[in-house]
Protein chains: 2
Amino acid sequence: MGVTRSDLFTDEQNKIAQVAKGLAHPARIAIIQYLIKVNACINGDLVNELGLAQATISQHLRELKELDIIQGTIEGTRISYCINQNTLKTIQKEFNTLFDTASKGDNCC
Amino acid sequence: MGVTRSDLFTDEQNKIAQVAKGLAHPARIAIIQYLIKVNACINGDLVNELGLAQATISQHLRELKELDIIQGTIEGTRISYCINQNTLKTIQKEFNTLFDTASKGDNCC
DNA sequence: TTTATTCATTGCAATATTACGATTAATATT
DNA sequence: AATATTAATCGTAATATTGCAATGAATAAA
């Protein structure tokens, strides 16, 4: 065990959970917020900004990149990272869909 | 290591990450969706619905309860669970705040 | 060419999460 | 009282995540 039984759930449920997992670390929230603020930056900037080791930042960036929340452009020895606004908009819609249906029901117990 | 350095981040960043972590499992998404659909249900209903063991469902319910996303009312030997709509609305606002600022900037790299 | 800069990757240790059987506690039912 | 139902909790195993030092690869600068 220790492994999520994703076979038991719908693609939609797995997808939302996966995105939520991508947002489930304050460093990754901080990276997203910083990228929104400065539009684009490199790994080294985030190391200074967040105070985590370079390898750790790199790991968080990879996770965000795998979810297509950010993208990177090679510039010599540097890689310029930025937000993928389309993905973020899609995620926002998915969360809102989940939340909106809740406010329609009667209250409860 | 293996422990999140939450001291490095703002309360807001930690809070959003914590909520995201609560949503970061398909079973918990499924529980939320099911509760929205049927308004209220008990642990046993979710065991049948999701196909996970009773102890596992109980664990997921506790996590959702700790985040105040759901609440439970004791009814004899049963506990009736339901969505806490206020919390869900607050969460929705927090996520939208995070995402909305992103669409204002220039695109990027 | 040598050195510096930048970042991904690897390997490891510490901790967290997921899942479930077994047990316990509490209330209903007979 | 004895039994059934329901769900929390405990203990344990398997796996995932977090963090960092060290290394490697790639380009830039001297």
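Numbers restart at 1 for each chain; the letters A, B, ... are given by sequence-line order, proteins then strands.
With rounding to whole Å, A:Leu61 atom CG is found 14 Å from D:dG19 atom C1'. To the nearest angstrom, C1' of D:dT6 lies 11 Å from CG of B:Asp45. Straight-line distance from the CD1 atom of A:Ile57 to the C1' atom of C:dA8: 14 Å, rounded to whole Å. Rounded to an integer number of Å, the gap from B:Gln71 CD to D:dA7 P is 17 Å. To the nearest angstrom, P of D:dT6 lies 14 Å from OH of B:Tyr81. The CG atom of A:Leu64 sits 11 Å away from the P atom of D:dT18 (whole-angstrom rounding). Taking atom CD1 of A:Ile31 as the reference point, atom P of D:dT18 lies 11 Å away to the nearest angstrom. The CG atom of B:Asn43 sits 12 Å away from the P atom of D:dT9 (whole-angstrom rounding).
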Which side-chain N or O atoms in residues 40-61 of chain A pair as donor and acceptor under 3.5 Å with protein atoms at least two apart or in another chain?
unit_1	atom_1	unit_2	atom_2	d
A:Asp45	OD2	A:Ile42	N	3.2
A:Asn48	ND2	A:Gly44	O	3.4
A:His60	ND1	A:Arg28	NH1	2.9

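Between B:Ile32 and B:Leu64 the shortest side-chain heavy-atom distance falls below 4.5 Å. Annotation: side chain of B:Ile83 is in contact with side chain of B:Ile36 (closest heavy-atom distance under 4.5 Å).
Residue contacts for B:Ser58: at a heavy-atom cut-off of 4.0 Å it reaches a base atom on one of the strands shown.
Judged as a side-chain contact (heavy atoms from CB on, under 4.5 Å), and not counting sequence neighbours, the contacts of A:Asn96 are A:Gln92, A:Asp100, B:Gln92, B:Asn96. Residues forming a side-chain contact (heavy atoms from CB on, under 4.5 Å) with B:Thr10 (at least two apart in sequence, or on another chain): B:Glu12, B:Gln13. In terms of the side-chain contact (heavy atoms from CB on, under 4.5 Å) criterion, residue partners of B:Lys15 (sequence neighbours excluded) are, by chain and number, B:Val19, B:Glu94. Taking B:Asp7 as the reference, B:Arg5 meet the salt bridge (Lys or Arg N to Asp or Glu O under 4.0 Å) condition, with sequence neighbours excluded. Residues that satisfy the ring pair (Phe, Tyr, Trp, His ring centres under 6.0 Å) test with B:Phe95, not counting sequence neighbours, are A:Phe95.
Distances shown here put every side-chain N or O of A:His60 at or beyond 4.0 Å from the OP1 or OP2 atom of D:dT17.
Between B:Val3 and A:Val3, the residue anchored nearer the 5' end of DNA chain D, judged by the nucleotide with its closest heavy atom, is A:Val3. Judged by closest nucleotide on DNA chain C, A:Arg62 is the one of A:Thr4 and A:Arg62 placed further toward the 5' end. Each of B:Glu63 and A:Ile79 was assigned the nucleotide of DNA chain C with the nearest heavy atom; the assignment lying further toward the 5' end belongs to A:Ile79.
The list of ring-ring contact (aromatic ring centres under 6.0 Å, His included) pairs with a residue in residues 29-59 of chain B, not counting sequence neighbours, is empty. Listed by first then second residue, pairs satisfying ring-ring contact (aromatic ring centres under 6.0 Å, His included) with a partner in residues 68-94 of chain B number zero, not counting sequence neighbours. Among residues at least two apart or in separate chains, there is no salt bridge (charged side-chain N to carboxylate O under 4.0 Å, His left out) pair with a member in residues 73-83 of chain A.
No single ILVMFWY cluster, assembled from side-chain heavy atoms under 4.5 Å apart, contains both B:Ile29 and A:Val3.
Residues from residues 7-28 of chain A with heavy atoms under 4.0 angstrom of DNA chain D, sorted by number: A:Lys21, A:His25, A:Arg28.
Axis angle across the helix from C:dT1-D:dA30 to C:dT30-D:dA1, with five pairs used at each end and values rounded to 10°: 10°.
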How would you summarise protein contacts on nucleotides 20-30 of chain D per nucleotide, using B for base, S for sugar-phosphate only and - for none, with heavy-atom distances below 4.0 Å? BB----BBS--

